[in-house]
Amino acid sequence: MPRLRLRHALRAALAALVPLALLGAVAGPAHAAPEAAWPEPVPVVSHVETTDPVVFITLDDGWYHDPAAARLLLDRRVPASLFLLPGAYSYDSGYFHTLLDQGRSRVENHTVGHPDLTTLDAAGQKAEVCGARDQHLAQFGDGPRLLRPPYGTYDGTTRTTARECGAKALVTWTYDLTTWGGWTPPTPRLKAGDIILLHFNETVTQDLERALDAAEAAGLKPAPLRDYVTE
């Protein structure tokens with residue numbers, strides 16, 4: 001291409017680009033619409049990393065209100081984490097008011113109806129987790145800070161829902177020492193930071209005594225789980 005024709009072609013191209021550049025300067029850079037904020041997933045805790053000589057006692061559900069178990073928790077000043085179902089205290093909330101008001105226990109979240117949360121969509125999980133939080137807060141004046149998913153099953157939605165509903169961690173367990181159907185699991189040698197799962201069932205007092213004896217044998221003391229679970 002002769003030099004003169006090349007020069008004319010370059011001028012024509014520049015002339016076409018200048019209006020586009022000016023339009024961009026006037027309109028400013030294009031930005032995508034901001035996405036709705038989504039909470040960060042909470043951590044999952046089955047054992048607390050600590051050098052303190054402590055162990056954590058947790059009790060689930062709440063259907064069986066054994067006076068002997070309550071007396072044991074109160075007399076020994078056990079800071080138990082009670083992962084309660086609202087239906088389990090609706091007919092006798094006084095049992096748990098006594099544990100909270102006169103002892104060192106705290107109520108935590110175990111959902112409203114004890115479903116496998118992984119079978120629910122985000123809205124269903126939120127209804128279960130936030131719903132339990134709201135009922136606990138209304139009944140006891142103390143909102144839960146920890147979530148234990150029923151059956152220990154959870155997914156990514158559970159972890160973000162837990163955060164959205166005010167939990168700072170999803171807690172499972174190190175050892176389940178619950179007696180079911182007459183079968184008692186073997187007692188392990190506990191280590192600092194272990195989380196023990198029990199249930200408010202017909203053997204709760206015996207299971208609780210066994211857990212406390214195992215902690216004592218290992219030189220460990222029950223401690224408040226809330227105080228050791230960080231963000």
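All of these numbers come straight from a predicted model, not from anything done at the bench.
- Residue R210 holds its CZ atom at 13.0 Å from OG1 of T205, rounded to the nearest 0.5 Å.
- Closest of all the heavy-atom pairs between E209 and L72 is CG-CD2, 3.5 Å.
- Sorted by first and then second residue, the salt bridge (charged side-chain N to carboxylate O under 4.0 Å, His left out) pairs with a member in residues 96-111 read E108-R226; sequence neighbours excluded.
- Y175 and H47 share no donor-acceptor pair across their side chains, judged by distance under 3.5 Å alone.
- Closest heavy-atom contact between P224 and P79: N-CG, 3.7 Å.
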**Q.** Step-by-step ring-ring contact (aromatic ring centres under 6.0 Å, His included) determination, F56 to Y228
**A.** CA-CA 10 Å; F56 306 100; Y228 280 81; 5.3 Å; yes

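- Every pair passing salt bridge (charged side-chain N to carboxylate O under 4.0 Å, His left out) that includes a residue from residues 114-126 is listed here, sequence neighbours excluded: K126-E164.
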Q) Checking side chain to side chain contact (heavy atoms under 4.5 Å, CB included) for the pair L212/R76: CA distance, chi angles, key distance, verdict? A) CA-CA 10 Å; L212 294 175; R76 297 183 62 169; 3.8 Å; yes

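- Residues R189 and A217 share a closest heavy-atom pair of NH1-O, 4.0 Å.
- The aromatic ring centroids of W180 and H199 lie less than 6.0 Å from each other.
- Among residue pairs with one or both ends in residues 43-123, none qualify as disulfide bond (SG atoms under 2.5 Å apart); sequence neighbours excluded.
- Aromatic ring orientation, F140 versus Y89: perpendicular (interplanar angle above 60°, classes split at 30° and 60°).
- Of all heavy-atom pairs between L208 and A69, the closest is CD2-O, 4.0 Å.
- With sequence neighbours left out, the ring pair (Phe, Tyr, Trp, His ring centres under 6.0 Å) criterion links Y64 to no other residue.
- Partners of Q102 according to the side chain to side chain contact (heavy atoms under 4.5 Å, CB included) rule, which considers only residues two or more places apart in sequence or in another chain, are L74, T98.
- Distance check, rounded to the nearest 0.5 Å: CG of D227 to CG of L225 gives 9.0 Å.
- For residues 139-225, every residue pair satisfying the disulfide bond (SG atoms under 2.5 Å apart) rule, not counting sequence neighbours, is listed here: C130-C165.
- Inter-residue side-chain proximity for L59 and V204 is flagged as met; some heavy-atom pair is nearer than 4.5 Å.
- Side-chain contact check for P188 versus L177: some heavy-atom pair is nearer than 4.5 Å.
- The ring pair (Phe, Tyr, Trp, His ring centres under 6.0 Å) test applied to F96 returns H65, F200, not counting sequence neighbours.
- In terms of heavy atoms, R163 sits closest to P43 at NH2-CD, 4.3 Å.
- Applying the disulfide bond (SG atoms under 2.5 Å apart) test to pairs two or more places apart or on separate chains, none has a residue in residues 53-126.
- A donor-acceptor pair is defined here as one N or O able to donate and one able to accept, closer than 3.5 Å; such a pair exists between the side chain of Y95 and the backbone of D66.
- Listed by first then second residue, pairs satisfying salt bridge (charged side-chain N to carboxylate O under 4.0 Å, His left out) with a partner in residues 39-64 read D60-R148, not counting sequence neighbours.
- Looking only at distances, a side-chain donor or acceptor of H136 sits under 3.5 Å from a matching main-chain atom of L84.
- Sorted pairs that involve residues 127-141 and meet salt bridge (charged side-chain N to carboxylate O under 4.0 Å, His left out), not counting sequence neighbours, are lacking altogether.
- Taking hydrophobic clusters as Ile, Leu, Val, Met, Phe, Trp and Tyr residues chained together by side-chain heavy-atom distances below 4.5 Å, L190 does not share a cluster with V48.
- Using a 4.5 Å cut-off between side-chain heavy atoms of Ile, Leu, Val, Met, Phe, Trp and Tyr, with links allowed through other members, L99 and L85 fall into different hydrophobic clusters.
- Between P144 and N109, the shortest heavy-atom contact is CB-N, 3.5 Å.
- One N or O on the side chain of T174 and one on the backbone of I195 form a donor-acceptor pair closer than 3.5 Å.
- Two residues are said to be in side-chain contact when any heavy atoms from C-beta on lie closer than 4.5 Å; V55 and I196 meet this criterion.
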(Q) Before you tell me yes or no, could you show the steps for T153 and L117 under side chain to side chain contact (heavy atoms under 4.5 Å, CB included), namely the whole-Å CA-CA distance, both residues' side-chain angles and the distance that decides it to 0.1 Å? (A) CA-CA 7 Å; T153 60; L117 290 173; 5.6 Å; no

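- Residues I57 and W173 are members of separate hydrophobic clusters, defined by side-chain heavy-atom contacts under 4.5 angstrom among Ile, Leu, Val, Met, Phe, Trp and Tyr.
- Side-chain contact, T58 with S81: no donor N or O sits under 3.5 Å from an acceptor N or O.
- When only modelled atom types and interatomic distance are considered, D207 and T178 share no side-chain donor-acceptor pair under 3.5 Å.
- Between L170 and T158 there is a side-chain heavy-atom pair separated by less than 4.5 Å.
- Between T161 atom OG1 and L147 atom CG the span is 9.0 Å, to the nearest 0.5 Å.
- Contacts of K191 classified as salt bridge (charged side-chain N to carboxylate O under 4.0 Å, His left out), with partners at least two apart in sequence or in another chain: D194.
- Looking at D142 and L100, their side chains never come closer than 4.5 Å, going by heavy atoms from C-beta outward.
- The closest side-chain heavy-atom distance from Y151 to P149 is not below 4.5 Å.
- Pairs of residues two or more places apart, or lying in two chains, never qualify as disulfide bond (SG atoms under 2.5 Å apart) while including a residue from residues 68-126.
- L146 places a side-chain heavy atom less than 4.5 Å from the side chain of F83.
- A distance-only check finds no donor-acceptor pair linking the side chain of T203 to the backbone of Q206 [under 3.5 Å].
- Looking at T118 and D155, their side chains never bring a donor and an acceptor atom within 3.5 Å of each other.
- Taking 4.5 Å as the limit, every side-chain heavy atom of T172 sits out of range of all side-chain heavy atoms of V45.
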